[in-house]
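Down below is the structure, laid out as structure tokens.
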Amino acid sequence: MSMRVRFAPSPTGVLHIGGARTALYNWLLARGAGGTFVLRVEDTDRERSTPENVERILEALRWLELDWDEGPLSQWERRERHAEAAEQLRESGHAYEDEGALRFRVPDEGELAFHDVVLGQISNPLAAIKDFVIRRSDGSPLYNLAVAVDDRDMGITHVVRGQDHVSNTPRQLMILRALGAEPPIYAHIPLLHGPDGKKLSKRHGAASVQELRDAGYLAEALRNYIALLGWGYDETTTFMTTAELIERFSLERVSKNPAVFDEQKLRSMNGRYLRELDAGELRARLEALSGRAVPPEAVAISQEKMQTLADFWPLAGFLVDRPSGYDEDAWERVMGDGAPERLRAVREALSALGEPFDAAAVEGALRDVVKRFEVKPKDVFQPIRVAITGTTVSPGIFESVAALGREETVARIDAALAHSA
RNA sequence: GGGGGCGUGGUCCAGCGGUCUAGGACAUCGGCCUUUCACGCCGGGGAUCGCGGGUUCGAAUCCCGUCGCCCCUACCA
């Protein structure tokens with residue numbers, strides 16, 4: 001029997017990080033074993049389970065590059081099967097009618113034990129589980145029934161889901177057993193918390209893959225980071241390609257305790273992925289995210305300084321648009337005594353510069369000015385930086401000036417000079 | 001209340017009875033580099049492994065208790 005794992009997101013239209021990690025673990029498991037990764041929707045809430053919401057989830061999964069082999073089967077298509085199973089359970093005496101709803105009968109005593117791949121042996125006294133509703137009075141199925149029936153019908157062999165479902169497992173096991181079905185292998189992975197120890201939510205900043213994508217994170221970096229949230233390969237490995245992740249991932253090594261999502265670490269890892277990207281590829285991604293054309297030189301001089309694609313704009317956006325104004329703080333600090341005079345000298349030097357107007361030539365001209373005025377390099381460079389970018393933070397000044405071009409640089413210096421007057 | 005699960009520096013992960021004076025990453029601090037910010041490199045601080053017992057020559061690692069946190073206990077998923 002080949003492995004079949006399934007991911008069943010809650011179709012709220014937003015793929016939360018926790019859900020993304022669950023999907024990733026399922027996907028890694030299936031890919032690593034040459035098995036099948038399938039999707040399905042089992043949320044019976046009509047408000048949530050809309051085609052639009054489901055499509056948004058699928059988009060997020062596609063962006064993460066977690067391809068699936070089938071599905072998702074919509075909840076509504078399987079309604080018949082759920083109804084049949086409920087009826088079967090009623091007829092066999094495993095369930096009974098209670099004020100219109102159908103309840104599953106749980107024995108008053110006894111013990112239900114099962115093996116969990118990450119948690120080990122888990123045992124529950126049945127006395128602690130009340131008879132539970134499996135079909136509402138309006139005839140619609142409830143979660144525990146739907147899951148059990150779907151797992152059976154789809155031949156699911158491995159169920160990897162959040163630890164909040166541990167307590168539901170005995171109920172699903174009882175339904176499966178009453179239906180005469182073979183139970184799958186269960187693995188419950190730890191939950192994700194925000195920095196305050198509470199369940200991760202929007203209050204904690206970016207909490208969905210859609211938000212992370214828009215914030216300029218790379219899918220491959222996110223996969224790497226998320227994989228490490230509850231799993232580790234060995235003592236020292238942090239960076240792994242997706243191929244390595246697939247090869248090395250195993251449920252047995254998944255941690256048992258809840259993890260806290262730390263965007264700073266994601267940023268740091270993303271920065272490294274960004275730096276290792278081919279410049280052309282990075283440019284393509286910047287353009288895809290922003291929908292704007294990005295000059296190759298702008299990418300080249302800012303690549304080593306960004307951590308996310310969004311960082312590009314404050315860093316090198318001055319090469320695309322003329323800054324709308326000057327950062328007040330920066331202006332104060334840099335445009336003090338003598339700065340205008342030095343800027344004028346820079347202006348003349350650059351104007352007089354021959355071709356090619358490249359970083360090396362610009363450096364020569366600017367260092368001449370430094371020498372002539374007998375000041376520190378930054379006394380010349382920082383005013384230029386503020387003049388052309390509006391701030392004190394930018395890529396290297398020679399590269400920046402060369403990338404901007406003589407004409408535009410001079411124009412911006414003139415504008416700054418006018419502003420200081 | 002009942003049931004279940006978890007507990008290693010601020011965060012994530014490693015550690016599975018001795019090689020642990022507990023390792024790596026992020027964060028933090030200091031230094032180098034230097035035109036800013038980063039990157040990179042070097043170095044530092046920070047954990048009596050929740051706490052208390054026990055087993056053992058020896059425990060972060062095994063056992064018991066205790067405390068804390070989380071989950072389920074819905075005609076939510």
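First the proteins, then the strands, lettered A, B, ... as listed; each starts at 1.
- With both ends at atom C1', the span from B/rA25 to B/rU21 equals 22 Å, rounded to whole Å.
- Only the C1' atoms considered, B/rC12 is 15 Å distant from B/rA47, to the nearest whole Å.
- The CD atom of A/Q163 sits 12 Å away from the C1' atom of B/rC69 (whole-angstrom rounding).
- A straight line from CD of A/E235 to P of B/rA14 spans 11 Å, rounded to a whole angstrom.
- Pair assignment for B/rG1: B/rU73, on the basis of Watson-Crick or G-U wobble contacts that are both within less than 3.5 Å.
- Across the protein-nucleic acid pair, A/Q264 atom CD and B/rA27 atom P stand 6 Å apart, rounded to whole Å.
- With a cut-off of 3.5 Å on both Watson-Crick or G-U wobble distances, the partner of B/rU66 is given as B/rG50.
- For A/V393, the listed nucleotide lying nearest its side chain is B/rC37; candidates were B/rG3, B/rU35, B/rC37.
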Mark up nucleotides 38-44 of chain B, 5' to 3', with B wherever a protein heavy atom is under 4.0 angstrom from a base atom, S wherever such an atom reaches only the sugar-phosphate, and - elsewhere.
-> BSS----
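- Residue contacts shown for A/S167 include a base, since a base heavy atom lies under 4.0 Å away.
- Checking A/V118 against A/K378, the closest nucleotide of RNA chain B that is more toward the 5' end is the one next to A/V118.
- Pairing partner, B/rG9: none, since no Watson-Crick or wobble contact has both distances short of 3.5 Å.
- B/rU61 is unpaired under the criterion used here, namely a Watson-Crick or G-U wobble arrangement in which both key atom distances are under 3.5 Å.
- Remark: the A/T157 side chain and the A/R4 side chain contain no N/O donor-acceptor pair separated by less than 3.5 Å.
- An OP1 or OP2 oxygen of B/rC37 is reached within less than 4.0 angstrom by no side-chain nitrogen or oxygen of A/S394.
- Distances shown here put a side-chain N or O of A/R103 below 4.0 Å from the OP1 or OP2 atom of B/rC75.
- Between A/Y225 and A/F261, the ring centre distance stays below 6.0 Å.
- The side chain of A/K256 places an N or O atom within less than 4.0 Å of a non-bridging phosphate oxygen (OP1 or OP2) of B/rC6.
- When the P atom is compared between B/rU55 and B/rG10, the two are found 32 Å apart, to the nearest whole Å.
- Taking atom C1' in both B/rC62 and B/rG45, one finds a spacing of 34 Å when rounded to whole Å.
- Going from atom CG of A/N224 over to atom C1' of B/rC13 covers 12 Å, rounded to whole Å.
- Backbone-only engagement by A/D234 is indicated by non-hydrogen atom pairs under 4.0 Å involving sugar-phosphate atoms exclusively.
- Here, B/rU8 and B/rC16 have their C1' atoms 14 Å apart, quoted to the whole Å.
- Below 30°, between 30° and 60°, or above 60°: for A/F249 and A/Y25 the angle between ring planes is between 30° and 60°, a tilted geometry.
- Contacts of A/Y225 with the nucleic acid, taken as non-hydrogen atoms under 4.0 Å apart, are absent.
- In the interface, the side chain of A/S137 is paired with the base of B/rC75 through a donor and an acceptor atom under 3.5 Å apart.
- Distances from the side chain of A/D262 to the nucleotides B/rG10, B/rA25, B/rU35 place B/rG10 closest.
- The interatomic distance linking A/F318 (CZ) with B/rU36 (P) rounds to 16 Å, in whole Å.
- For A/L173 and B/rG4, the CG to P distance is 16 Å, given to the nearest whole Å.
- Residue A/A128 has its side chain nearest to B/rG3 when only B/rG5, B/rG3, B/rU35 are considered.
- B/rU28: Watson-Crick or G-U partner is B/rG44, with both key distances under 3.5 Å.
- Across all strands, A/L142 comes closer than 4.0 Å only to sugar-phosphate atoms, never to a base (heavy-atom distances).
- When distances run from any side-chain atom of A/V260 to the nucleotides B/rG5, B/rA77, B/rC12, the shortest one goes to B/rC12.
- OP1 or OP2 of B/rU35 has at least one side-chain nitrogen or oxygen of A/R367 nearer than 4.0 Å.
- Nucleic acid contact class of A/R253 (heavy atoms, under 4.0 Å, all strands): sugar-phosphate only.
- The side chain of A/V133 lies closest to B/rC75, out of B/rG4, B/rC75, B/rU73.
- In this structure, A/F381 has its ring center under 6.0 Å from that of A/F398.
- Nucleic acid contact class of A/G230 (heavy atoms, under 4.0 Å, all strands): sugar-phosphate only.
- Between the side chains of A/Y143 and A/D43, no donor-acceptor pair of N or O atoms lies under 3.5 Å.
- Not a single donor-acceptor contact under 3.5 angstrom links the side-chain atoms of A/D164 to the base of B/rA77.
- On a pure distance criterion of 3.5 Å, no polar donor-acceptor pair joins the side chain of A/T238 and the base of B/rG24.
- Within 4.0 Å (heavy atoms only), A/R267 reaches no atom of the nucleic acid at all.
- Per the geometry, CE belonging to A/M269 stands 9 Å off C1' belonging to B/rC26, to the nearest Å.
- The same atom, P, is picked in B/rA77 and in B/rG40; the two are 47 Å apart, to the nearest Å.
- Surrounding CD of A/E55 are more than 12 heavy atoms belonging to other residues, nucleotides or ligands, all under 6.0 Å away.
- For the pair A/R171 CZ and B/rC76 C1', the computed distance is 13 Å after rounding to whole Å.
- A side-chain donor from one of A/H188 and A/R161 sits under 3.5 Å from a side-chain acceptor of the other.
- In this structure, A/H165 reaches the bases: a heavy-atom distance under 4.0 Å links it to at least one base atom across the strands shown.
- Scanning all heavy atoms of the two residues, the minimum distance from A/T308 to A/N270 falls at CA-ND2, 3.6 Å.
- We find that A/R285 and A/E281 are joined by a salt bridge, their nearest charged nitrogen and carboxylate oxygen being less than 4.0 Å apart.
- The side chain of A/R136 contributes no N or O atom lying less than 4.0 Å from OP1 or OP2 of B/rA74.
- Comparing the same atom, C1', in B/rG9 and in B/rG1 gives a spacing of 37 Å after rounding to whole Å.
- Here A/A259 lies in heavy-atom contact (under 4.0 Å) with sugar-phosphate atoms only.
- Annotation: A/D108, atom CG; neighbour count of heavy atoms from other residues, nucleotides and ligands within 6.0 Å does not exceed 12.
- Residue contacts shown for A/P395 include a base, since a base heavy atom lies under 4.0 Å away.
- Annotation: A/Y326 is in aromatic contact with A/W331 [ring centroid separation under 6.0 Å].
- Backbone-only contact: A/S255 has heavy atoms under 4.0 Å from sugar-phosphate atoms and none from a base.
- Dashed line: the shortest gap from a side-chain N or O of A/N257 to OP1 or OP2 of B/rU8 is under 4.0 Å.
- Heavy-atom nearest nucleotides on RNA chain B were determined for A/F381 and for A/N124, and the one closer to the 5' end corresponds to A/N124.
- Aromatic rings from A/F7 and A/W27 are positioned such that their centres are separated by 6.0 Å or more.
- When the P atom is compared between B/rA22 and B/rC49, the two are found 11 Å apart, to the nearest whole Å.
- Residue A/T392 is classed as a base contact, given a heavy-atom separation below 4.0 Å to a base.
- Counting any heavy atom pair closer than 4.0 Å across all strands shown, A/S123 reaches sugar-phosphate atoms only and no base atom.
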